[in-house]
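Okay, structure first, notes after.
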Amino acid sequence: MTAKQFFKSNAFKCIITLLCILLICGVFLTVMNGWLKVTDEERFQRAINKIYGKSVTTEAVAVENYNDKATIDEAYKVKDDGNFLIKATGKGGFDNGTVTCWIVVNVQGGQINGIDKVVIDSNKGQSYIGNISDAFLSSFKNYNGEYFDAYDGMIRTGATMSANAICNAVNAAIDYVNGKWLGNVTTAGTKLLNSLAKIYGDKEIKVYGADDKEITAEDETVTSLIESPVKQDNATVNDIYKITFTEDENEVTHYVLTSTGTGGYSDGTVTCMTIVAVGENNKLTVYNVSITDNVSQSYIGDINHLDKYKGEYNNGFEFTAGDGYVTSGASMSSAAINNAVNGALKYFVNSGILAGGENNE
């Protein structure tokens, strides 16, 4: 076949037709790709809208940490309503892991009005993160101005440590918005007084630190009756404060001791607040024991024996597992709690504080 015959053949016509189709398709695809291409910014905005629950316009703002139990990873101000969208990573999860959350902080009238939404973004090492329910995440809407505590009245999840990390992330977002944007930095004095208010309720208590100085909500720092943490047996006594209040026209004196006990699960620890009442002849009664923190205690949510510590305290007596101070399913956490309480009480009795002095080791 000659060249002239080839160019006139059906085969050549088919090739030309195919090339034209390919050229037209290529041009069409190029044009459509330009029209339909999703930019990184658009992809991000779609994700934000999904988290927020509706289409919003956001502005990235500077991050800063106001809470050592979590880090603020990203922060955005929502231009539509003045709220804040915070990405925070909470510490204190199972096996020292973390949970990263998106938190919508509702701001009205220059103050935090509530937590509109909490969405889990990712986690590290949280085996039971699937047990975190929608009901648990929705419970953050019940914001009343106080920190969220996974061990105090929140919905049971079956993943207490993961829930703790989530609470820490939300609390950090609250501190960030308060401190960075609303000028409402939570002082050390406020944190201490709020933690005690949960125990004393409506009682009008006064709290004193070093040099018998009354601690107020305005105090940015607080100083304990001991200058630095003190090792006592299997515990470290972190701080001690004096409390007074009037009951039945009598002045009552208590001391609050914060201590960290070792011997928990996976070499972890439990930090407790032990409050003792001081009676005649410096007779001590354990008024209250509460858990304030822990490291690596997976079953800390199963602890339900703290009321057993209450009652008259005899110098030299120690709470032990053999005396029934154990919760089924959390024996090692219970041992760490025993150590924390025992160490605090033993140090306090021998410190000289009751005699009017201070042991500032």
Side-chain angles (χ1 to χ4, degrees), residues 33-93 96-126 129 132 134 136-150 162-188 190-191 220:
N33 182 60
W35 285 348
L36 300 177
K37 181 181 179 181
V38 179
T39 65
D40 290 341
E41 182 178 353
E42 289 173 325
R43 189 176 291 108
F44 167 78
Q45 193 59 47
R46 288 180 184 179
I48 291 296
N49 294 344
K50 185 176 181 180
I51 293 167
Y52 204 82
K54 63 181 181 180
S55 179
V56 292
T57 303
T58 59
E59 174 191 3
V61 292
V63 300
E64 192 170 343
N65 292 315
Y66 289 80
N67 188 316
D68 59 6
K69 292 185 178 181
T71 57
I72 304 299
D73 305 315
E74 300 175 35
Y76 303 88
K77 187 171 184 178
V78 182
K79 294 182 178 181
D80 307 69
D81 51 24
N83 293 341
F84 285 87
L85 178 59
I86 313 297
K87 185 179 182 182
T89 298
K91 305 173 186 177
N96 293 323
T98 61
V99 180
T100 300
C101 299
W102 286 97
I103 302 117
V104 178
V105 182
N106 185 299
V107 176
Q108 300 291 333
Q111 63 182 6
I112 294 178
N113 189 51
I115 304 299
D116 285 356
K117 199 167 188 179
V118 176
V119 176
I120 297 174
D121 178 82
S122 60
N123 74 88
K124 290 185 179 179
Q126 304 308 286
I129 194 70
I132 298 296
D134 291 339
F136 173 77
L137 296 176
S138 294
S139 67
F140 289 100
K141 293 181 180 179
N142 302 320
Y143 176 66
N144 61 1
E146 297 183 0
Y147 279 140
F148 291 102
D149 187 344
S162 295
N164 182 56
I166 294 170
C167 286
N168 288 339
V170 176
N171 292 336
I174 292 170
D175 281 346
Y176 165 77
V177 173
N178 267 327
K180 181 73 174 176
W181 299 103
L182 304 181
N184 300 324
V185 177
T186 304
T187 65
T190 296
K191 290 179 181 179
E220 295 183 1

Worksheet item: Is the closest side-chain heavy-atom distance between Phe148 and Ile115 below 4.5 Å?
Response: yes
Discussion item. What's the separation between atom OG1 in Thr58 and atom CD1 in Ile48, rounded to the nearest 0.5 Å?
Written reply: 5.5 Å
Practice prompt. State, with a plain yes or no, whether a side-chain heavy atom of Asn106 is found less than 4.5 Å away from one of Ile112.
Written response: no
Item to complete: Find out whether Tyr66 and Asn178 are in side-chain contact, i.e. whether some heavy atom of one side chain is under 4.5 Å from a heavy atom of the other.
Response: no
Worksheet item: So, for Val185 and Gly179, which heavy atoms are closest and what is the spacing to 0.1 Å?
Response: CG2-CA, 3.7 Å
Worksheet item: Could you go step by step and tell me if Phe84 and Val78 meet the side chain to side chain contact (heavy atoms under 4.5 Å, CB included) rule?
Response: CA-CA 6 Å; Phe84 285 87; Val78 182; over 6 Å; no
Fill in: Passing option when Thr98 is tested against Asn123, Thr89, Thr71, Asn168 for side-chain contact (heavy atoms from CB on, under 4.5 Å)
Thr89
Worksheet item: Taking only residues two or more places apart in sequence or in another chain, which ones pass side-chain hydrogen bond (donor to acceptor under 3.5 Å, both in side chains) with Asp81?
Response: Tyr52, Asn83
Worksheet item: How many angstroms lie between NZ in Lys54 and CG in Asn49, if you round to the nearest 0.5 Å?
Response: 10.5 Å
Worksheet item: Within the side chain of Glu146, is there an N or O that forms a donor-acceptor pair under 3.5 Å with the backbone of Asn144?
Response: no
Worksheet, complete the sentence: Between the NZ atom in Lys191 and the CG atom in Asn67, the distance rounded to the nearest 0.5 Å is 6.0 Å
Worksheet, complete the sentence: Correct closest heavy-atom pair for Tyr76 and Ala60 would be CD2-CA, 3.5 Å
Worksheet item: For the atom pair CD1 (Ile120) and SG (Cys101), what is the distance rounded to the nearest 0.5 Å?
Response: 5.5 Å
Worksheet entry | Glu64 side-chain N/O to Ile72 backbone N/O, donor-acceptor pair under 3.5 Å | no
Worksheet item: Any idea which heavy atoms bring Glu220 and Ala188 closest together, and the distance?
Response: O-CB, 3.3 Å
Worksheet item: Tyr147 versus Cys167: any side-chain heavy-atom pair under 4.5 Å?
Response: no
Fill in: Where Ala88 and Ile103 come nearest, the two heavy atoms and their spacing
CB-CD1, 4.0 Å
Item to complete: Salt-bridge test for Lys77 and Glu59: reply yes if a basic N is under 4.0 Å from a carboxylate O, no otherwise.
Response: no
Worksheet item: Among side-chain atoms of Asn113 and Tyr143, is any donor-acceptor pair under 3.5 angstrom?
Response: no
Worksheet item: To the nearest 0.5 Å, how far apart are NZ in Lys87 and CD1 in Ile51?
Response: 8.5 Å
Discussion item. Which heavy atom of Gly90 sits nearest to which heavy atom of Ala169, and what is that distance?
Written reply: N-CB, 3.7 Å
Worksheet item: Looking at CZ of Phe44 and CD of Glu74, how far apart are the two atoms once the value is rounded to the nearest 0.5 Å?
Response: 6.5 Å
Practice prompt. Please check if the side chain of Ser138 supplies one atom and the backbone of Asp134 the other of a donor-acceptor pair under 3.5 Å.
Written response: yes
Worksheet item: Nearest heavy-atom pair of Ala75 and Ile86: which atoms, and what distance?
Response: CB-CD1, 3.9 Å
Worksheet item: What orientation do Trp181 and Tyr176 show, parallel under 30°, tilted 30 to 60°, or perpendicular over 60°?
Response: perpendicular
Worksheet item: Got a donor-acceptor contact below 3.5 angstrom from the Asn164 side chain to the Gly92 backbone?
Response: yes
Practice prompt. Just jot down the salt bridge (Lys or Arg N to Asp or Glu O under 4.0 Å) partners of Lys91, sequence neighbours excluded, or say none.
Written response: none
Item to complete: State, with a plain yes or no, whether a side-chain heavy atom of Gln126 is found less than 4.5 Å away from one of Val99.
Response: yes
Worksheet entry | Minimum side-chain heavy-atom gap Leu137-Val119 below 4.5 Å | no
